Amino acid sequence: MTVVKINALEIPPQAGDEIVKRFTARMDSLADVPGFLGFELLRPTGEAETRWFVYTRWADQTAYEGWRDGDGARNSHASDEGEQPRRPVSMGATLLEFEVEVEQGPSGA
């Protein structure tokens, strides 16, 4: 069963460009991960919401756990080779987890 993981990140307003830069630099690392189906980084648009959401889709829980417990998750938070360790941008995070019960894509796809 397809699963969705949403990491709700508390990002200070001045750090938005940095979080986009970091996620963009690491996007290719997910391309060959078995069971990885998609990723989106969502920036809040309303004043009432300050959290950024990292939305990922996985073929199943086992695929997600394989990434989470393997080198994939560790490497996604590491600094680039030769750089000083990066300071965290997030002031906190909450992981939301879901199973997809009903799904609809574009017609003709």
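Everything numeric here is computed off the predicted structure, so don't read it as measured data. Each residue takes its place number in the sequence, starting with 1.
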Check whether more than 12 heavy atoms from other residues, nucleotides or ligands sit under 6.0 Å from atom CE of Met91, and answer yes or no. yes
Kindly check if the number of other-residue, nucleotide or ligand heavy atoms within 6.0 Å of CG (Asp32) is above 12? no
So do the side chains of [X] and [Y] get within less than 4.5 Å of each other, counting heavy atoms only?
X: Met1; Y: Glu101; result: yes
X: Ile19; Y: Trp52; result: yes
X: Arg51; Y: Pro44; result: no
X: Val4; Y: Tyr55; result: yes
X: Leu41; Y: Val20; result: yes

Which heavy atom of Ile11 sits nearest a heavy atom of Gly16, and at what distance?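 That would be CG2-N, 4.2 Å.
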Return the minimal non-hydrogen interatomic distance between Pro34 and Ala63, and the atom names on each side.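 Where Pro34 meets Ala63 most closely, the heavy atoms are O-CB, 3.6 Å.
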Interatomic spacing from CD in Glu99 to OG1 in Thr2 - rounded to 0.5 Å: 10.0 Å
Measuring from atom CD of Glu40 to atom CD1 of Ile6, what distance do you get when rounded to the nearest 0.5 angstrom? 9.5 Å
Quick one: does Thr24's side chain have a donor or acceptor within less than 3.5 Å of a partner on Lys21's backbone? no
Plane angle bin for Trp58 and Phe36 - parallel if under 30°, tilted between 30 and 60°, otherwise perpendicular: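 The rings of Phe36 and Trp58 stand perpendicular, inter-plane angle above 60°.
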According to a hydrophobic-cluster definition based on side-chain heavy atoms being under 4.5 Å apart (Ile, Leu, Val, Met, Phe, Trp, Tyr only), do [X] and [Y] belong together?
X: Phe23; Y: Trp67; answer: yes
X: Leu95; Y: Val100; answer: no
X: Leu96; Y: Val3; answer: no
X: Leu37; Y: Val54; answer: no

Is it possible for you to check whether Lys5 lies under 6.0 Å from the centre of the six-membered ring of Tyr64, through NZ or CZ, and within 45° of that ring's axis?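 That pair qualifies as a cation-pi contact.
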Salt bridge flag under 4.0 Å for residues Glu49 and Arg43: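 Judged by the 4.0 Å cut-off on N to carboxylate O distance, Glu49 and Arg43 do not form a salt bridge.
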Would you please name every residue forming a ring-ring contact (aromatic ring centres under 6.0 Å, His included) with Phe98, sequence neighbours left out?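 Checked Phe98 against ring-ring contact (aromatic ring centres under 6.0 Å, His included); zero matches.
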